[in-house]
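For reference, the structure is listed below as structure tokens.
Values below: all heavy atoms of this structure, side chains included; hydrogens, waters and symmetry mates excluded.
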Amino acid sequence: MTASVAARPRKPGRTLQKREERDFWIAISPWFIGLLLFTGGPVIASLVFSFTDWTGLNLSGFIGLENYRVLLVEDLVFWETVYNTFYYTFGSVLLGTLGALFVALLLNQNLPGTYFLRLIYYLPSIASGVAISILWIWLFNPNVGLINFLLVKFLPIDSGPAWLSSQTWSKPALILKSTWGIGANMIIILAGLQGVPQSLYEAARIDGANVYDEFRHVTIPMLSPVLFFVIVISTINAFQILTDILVMTQGGPGTSTYMLVYYIYQNAFQYLKMGYASALAWILFTIILALTLLQLWGSRRWVYYEGET
Amino acid sequence: MASTTLSRRRFLAFSGVAAGAVALAACAPPTAPGADAGGMAAESVTVSTALTWEAAFQTTQQEFDANFMEENPDIVLEPVYNTWSDHNQVVPTWAAANTLPDIIYVHGSRAFPWAFEGITVSMQSHIDADPDFNIAGVWEEALRLYRFEGEQHGIPYDHGPIILGYNKDIFDAAGMDYPAEDWTIEDLVETSIALTNTEGDVPIWGWRGDMPNFGNGTNRNMLNTYGANLYNDEETAIELDTEEARVAVQIWVDLIHKHGAAPTPAESEAFEQNAWIAGQCGMSLFASWSTPTQYSFANYAWDVAPWPAGPAGQSCGSFGSGFSITKNSGNPSASWRFLGSYLSTEGMEFMWGSSGRGSPARAEAYQSWLDSEPASDSAHYFLHALENYAVTGRPYQTLAAPQLLDITGRYQTLLRSGEIDVDTAITSIVEEANVVFAEAAERMA
């Protein structure tokens with residue numbers, strides 16, 4: 001056997017490539033099997049469950065599209081959660097992206113201490129979600145919270161909003177809280193800013209461009225792929241808000257902060273309606289997919305890729 | 001000769017087969033806990049328990065377990081501790097995977113759905129066959145929670161009523177008499193207004209701001225005393241849409257928003273726990289299970305009194321927790337032997353009575369709790385309530401219960417914050433709850 005292997009003619013170059021290819025597949029296989037088993041399996045299973053009245057424990061049978069019909073036609077809370085989730089997503093993505101861009105522009109200056117400030121702005125992004133949520137509950141405290149203290153001090157008002165206790169202010173409060181995590185996006189945008197060739201700014205200045213013109217016609221176009229990436233990822237993340245709701249509001253007051261993932265959690269684990277929760281999850285997936293495709297389509301109008309004509 | 005290279009297609013095939021094999025292995029039926037011990041099985045069996053005690057109370061459990069195992073050398077106890085808040089999510093997950101321990105803690109609100117879903121099994125045959133276990137010594141109101149299709153699926157260990165708590169220091173400072181046995185709700189309202197003084201550096205409110213929670217407890221106290229009902233006895237319909245209910249709910253809303261005699265939700269947020277524990281409220285609804293927390297955190301003199309009567313008489317809610325044997329128990333007989341001891345009069349006295357942890361579900365074990373350090377001077381009023389006017393709070397026998405509690409809880413929050421009026425809240429609750437009731441009836445059918 002050994003002799004026959006030894007006698008087999010080798011194909012130098014090609015053998016190394018094949019061996020590397022085999023090693024690659026072996027190296028990737030633990031993750032890939034995990035993906036198939038722990039992500040692919042549940043994804044397919046949840047699609048099947050969405051057509052059943054499975055409680056998580058017992059299954060009476062397939063009920064066709066009944067879960068989807070009830071969700072879309074009868075469930076008033078579902079439509080409130082959809083509205084709340086869109087409201088939150090729009091607000092948090094807008095504020096988060098603009099905030100991250102603003103901070104990144106500031107920290108892109110060659111000034112003393114910018115390295116330290118970059119670290120400071122990034123630090124909140126790696127802090128524990130629950131701990132930060134509890135911290136924000138105190139910041140939003142209507143009577144002794146820092147936010148209302150500052151509002152009353154610097155604005156001509158006697159008292160600040162009730163924030164998390166108010167149907168009107170609870171969603172804006174969550175949007176404000178979401179800015180805590182702009183550090184991650186700030187780092188990405190900062191990397192994008194540092195990749196913009198200085199020659200473009202020099203050329204613009206020679207043509208008489210002022211600071212605004214440079215920003216509008218050089219920075220934004222060159223940064224647009226990065227901004228697009230940040231917006232897409234932030235949108236997907238915002239649609240999946242859960243920790244803040246569980247810790248800060250439990251969906252209240254009323255249904256003012258019921259979000260889609262929270263409603264999925266409630267149906268699956270509190271009401272033992274796993275089939276219904278699966279249908280909700282697939283609707284959430286469809287919404288996110290549709291929005292992402294819409295963003296991809298829209299990106300043709302404003303995202304500039306260097307090298308493309 | 002077979003090729004030594006691995007094509008993308010072959011890799012995908014191998015991965016699929018491997019994932020499928022792992023999935024099949026994971027789906028294999030679990031080995032019964034008592035059957036895997038081989039030679040050891042003849043000598044001892046393991047009984048696993050899922051409990052929710054915090055670290056400080058686990059030492060009491062360990063002491064009880066050690067004593068039990070000494071007296072029953074053929075049983076080895078293996079406790080697992082969940083946090084109270086996680087437990088209700090963990091148990092269904094265990095059930096779905098068929099990995100439930102032999103015995104689980106079951107809050108009263110989960111007794112019905114978990115029995116319905118088959119997580120817990122009937123313990124009736126064990127109870128009937130065990131003459132040493134005095135089931136009649138357990139409060140009937142407590143047993144009702146754990147009864148499913150006429151059979152006990154669990155035995156309560158703790159069952160307590162919700163009566164009136166008061167801050168003696170605030171009453172003393174105002175020169176007012178403590179709540180009396182013959183108090184009416186009118187007296188409670190008048191005294192709450194009289195005690196309130198929010199002008200000083202430390203605002204004092206007469207009432208904590210409790211409302212009918214439309215859930216498993218305070219409806220009896222706040223609605224039934226005015227002749228109103230939240231649910232019918234069968235728990236198939238909501239009965240909140242009545243004049244009596246509107247009058248009753250309005251009283252508690254007015255205490256917050258008309259008289260300013262209770263903190264608003266925004267004002268309540270200023271406290272780490274709540275304004276009552278912080279010593280800034282004269283009175284509060286007070287359940288027996290709140291006693292350990294009150295004892296640990298309240299830095300003032302306090303006591304309890306009977307819940308005041310309303311125009312329709314005296315009534316209060318009661319609720320509790322218990323233990324059940326699960327569908328996956330490999331040792332139901334050994335599990336019952338443990339529970340029989342754990343939930344006997346002596347067991348309850350040791351675990352929850354003399355430790356002050358909670359008001360035992362047995363009348364005979366109650367005195368040990370009344371004598372414990374955390375129980376207040378007038379804690380006997382809890383016993384008085386259980387014997388005279390406490391009724392287990394609904395809903396507890398419908399699959400809709402968790403959803404109903406969410407619906408009613410939402411509107412209660414809005415009433416407390418003053419963002420809706422009583423009429424709107426009642427109309428909305430009725431509208432939403434009836435849909436949920438109908439759906440639950442369909443599921444149960």
Does [X] [atom1] have over 12 foreign heavy atoms under 6.0 Å away?
| X | atom1 | answer |
| --- | --- | --- |
| B/Glu199 | CD | no |
| A/Glu74 | CD | yes |
| A/Trp282 | CH2 | yes |
| B/Trp84 | CH2 | no |

What's the spacing between [X] [atom1] and [Y] [atom2] if we round to 0.5 Å?
| X | Y | atom1 | atom2 | value |
| --- | --- | --- | --- | --- |
| A/Asn58 | B/Phe116 | CG | CZ | 8.0 Å |
| B/Ile407 | A/Thr255 | CD1 | OG1 | 11.0 Å |
| A/Leu57 | B/Glu117 | CG | CD | 5.0 Å |
| A/Gln167 | B/Ile420 | CD | CD1 | 7.5 Å |

> A/Ser165 and B/Ser417: which non-hydrogen atoms are nearest, and at how many Å?
Replying inline: O-CB, 4.0 Å

> Of the non-hydrogen atoms in A/Gly56 and B/Ala96, which two are nearest, and what is the gap between them?
Replying inline: O-CB, 3.4 Å

> Going through the checks in order, is the side-chain contact (heavy atoms from CB on, under 4.5 Å) test met by B/Glu269 and A/Asn143?
Replying inline: CA-CA 8 Å; B/Glu269 279 186 42; A/Asn143 299 305; 5.7 Å; no

> With only heavy atoms counted, which part of B/Ile119 is less than 4.5 Å from chain A, the side chain, the backbone, both or neither?
Replying inline: side chain

> chain A heavy atoms under 4.5 Å from B/Glu267: which part of the residue, side chain, backbone, both or neither?
Replying inline: both

>> Quick one: does any side-chain atom of A/Asp53 pair with a main-chain N or O of B/Arg443 as donor and acceptor, under 3.5 Å?
In response: no

For [X], which atoms come within 4.5 Å of any heavy atom of chain B: side chain, backbone, both, or neither?
| X | answer |
| --- | --- |
| A/Tyr258 | side chain |
| A/Val70 | neither |
| A/Trp163 | neither |
| A/Ser256 | neither |

>> Out of B/Pro92, B/Ser268, B/Pro402, return the one with the most heavy atom pairs under 4.5 angstrom to chain A.
In response: B/Pro402

> What residue, out of B/Glu432, B/Glu419, B/Glu439, has the most heavy-atom pairs lying under 4.5 Å from chain A?
Replying inline: B/Glu419

> What do the steps show when you test A/Gln266 against B/Asp406 for side chain to side chain donor-acceptor pair (under 3.5 Å), and what is the final call?
Replying inline: CA-CA 9 Å; A/Gln266 289 285 92; B/Asp406 274 353; 2.5 Å; yes

> Can you find a pair of side-chain heavy atoms, one from A/Gln270 and one from B/Gln403, that are under 4.5 Å apart?
Replying inline: no

>> If we define contacts as heavy-atom pairs under 4.5 Å, which of A/Ser166, A/Ser60, A/Gly251 has the most with chain B?
In response: A/Ser166

